[in-house]
J.: 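If you scroll down you'll find the structure; I have some questions about it.
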Number of protein chains: 2
Amino acid sequence: MEEKIDKIKQQLQSHGYKLTPQREATVRVLLENEEDHLSAEDVFMLVKDKAPEIGLATVYRTLELLSELHVVEKINFGDGVARYDLRTDTTKHHHHHLICVQCGAMDEIREDWLGPLEERLEKEFNFTVLDHRLDFQGICYRCKDKNNDQNGNGGKKS
Amino acid sequence: MEEKIDKIKQQLQSHGYKLTPQREATVRVLLENEEDHLSAEDVFMLVKDKAPEIGLATVYRTLELLSELHVVEKINFGDGVARYDLRTDTTKHHHHHLICVQCGAMDEIREDWLGPLEERLEKEFNFTVLDHRLDFQGICYRCKDKNNDQNGNGGKKS
DNA sequence: TTCGATGCAAACAATTTGCACCGGC
DNA sequence: GCCGGTGCAAATTGTTTGCATCGAA
């Protein structure tokens, strides 16, 4: 935890920024919720617990700054809210999302399935991949069960 | 063109909606710009040429409706604007995006590289894929050239 | 005392909604 | 006359910005 904060502190300082108490509180919230995809508003409310005087604008500014430094990744699931994920070495951005169009659940695949494709991009398109994003929309196993219960075929094609 | 409109008309009618002049004008704009990723505002301005009295809200409502019927695909590149792509049989949603973080250019790969992955999802996760989205962020060949001109190594790793 | 960083409120941009109205069934 | 569909304006939501102020170097 503390080492991670130190590392981020150094990243900030190497670009001429400081790790202010507000920024630290924000980073801590992100660290404590590495698994989640928090929106700025989410972060704001969590940060308020430990630093009640902080303003929403500061949270936005901090997240934007961290995003520029590639400390966090700003992602967007199309629901109109930007979400921010820490980019630690351990929690690589190498995971994909399964979004259920029926119940809205979001599962994750914590593996990177795109290695071969990225190599192909480099070779065929001379495009150097820094990041990627892969989401699937569809019907999750839970809803398929539910559908089967109700109509006996669960929306299967034939 | 006209057949495509007819088809969409039927999709609307089968769900109890009608193809009003405004909706038709909107659909025509989408058909005429199948290759682009138009924002609602873009569509609005183009529709205004053929139906000046139309309101922005109607365009939004129409796009939302078409999106629900899966006639168009609502996508989001993270720039804060939703974009809408027609989903005809020919222009399948089977393409991916290469977004350059340096110059902002967006290239497309007009192939589907995910077939095998989707099969795996069905088998391993019991998840039925209806749609997917794959974007890569990185450095495009143009910027790599430019970078090479300037510093002689173009950001290559070693 | 300088300058980055902050909090607050106002400004903004994209999108949605309330409501009166219009036109076909 | 009912009701879906529309235009307009107002409301909402997520985010950014202007500005006076604060605090460490």
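In the text below, chain A, chain B and the rest are named by the order of the sequence lines, each starting its count at 1. Small disclaimer: the values here were computed from a predicted structure and weren't measured.
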J.: Identify the heavy atoms of Tyr84(B) and Leu30(B) that sit nearest to each other, and give their distance.
T.: O-CD2, 4.3 Å
J.: Rounded to the nearest 0.5 Å, what separates atom CZ in Arg23(A) from atom CD1 in Ile54(A)?
T.: 10.0 Å
J.: When you compare the side chain of Arg133(A) with that of Glu73(A), does any pair of heavy atoms fall below 4.5 Å?
T.: no
J.: Rounded to whole angstrom units, what separation is found between the NE2 atom of His15(A) and the C1' atom of dA5(C)?
T.: 18 Å
J.: Measure from the side chain of Gln22(B), starting at C-beta and using heavy atoms only, and say which of dA9(C), dG7(D), dT15(C) lies closest.
T.: dG7(D)
J.: Find the distance Gln13(B):CD to dG5(D):C1' and express it as a whole number of Å.
T.: 15 Å
J.: Report yes or no: does Asp6(B) contribute a side-chain atom to a donor-acceptor pair with the main-chain N or O of Glu3(B) at less than 3.5 Å?
T.: no
J.: Glu64(A) has an atom CD; how far is it from atom C1' of dT6(C), in whole Å?
T.: 17 Å
J.: Students often get this wrong, so: under 4.0 angstrom with heavy atoms, is Ile54(A) touching a base, only sugar-phosphate, or nothing?
T.: sugar-phosphate
J.: Which one of Asn33(B), Val59(B), Asp36(B) satisfies the side chain to side chain contact (heavy atoms under 4.5 Å, CB included) criterion with Leu46(B)?
T.: Asn33(B)
J.: Under 3.5 Å, is there any donor-acceptor pair linking the side chain of Arg61(B) to the base of dG4(D)?
T.: no
J.: So what does Arg23(A) touch, heavy atoms closer than 4.0 Å: a base, only the sugar-phosphate, or nothing?
T.: sugar-phosphate
J.: Is the phosphate of dT6(D) approached by Thr20(B) (side-chain N or O, under 4.0 Å from OP1 or OP2)?
T.: yes
J.: Quickly work out the Leu56(A) CG to dC8(C) C1' distance and round it to whole Å.
T.: 11 Å
J.: Please determine if a side-chain N or O atom of Thr58(B) lies less than 4.0 Å away from the OP1 or OP2 oxygen of dT6(D).
T.: no
J.: Take atom OH of Tyr60(A) and atom C1' of dT15(D), then tell me their distance rounded to the nearest Å.
T.: 5 Å
J.: Over how many whole Å does the gap from Glu53(B) atom CD to dG7(D) atom P extend?
T.: 6 Å
J.: Let me know the distance between CG of Leu38(B) and P of dA14(C), rounded to the nearest Å.
T.: 15 Å
J.: Heavy-atom nearest nucleotide on DNA chain D for Ala57(B) versus Gly16(B): which residue maps closer to 5'?
T.: Gly16(B)
J.: Rounded to whole Å, how long is the line connecting atom NZ of Lys48(B) with atom C1' of dT6(D)?
T.: 14 Å
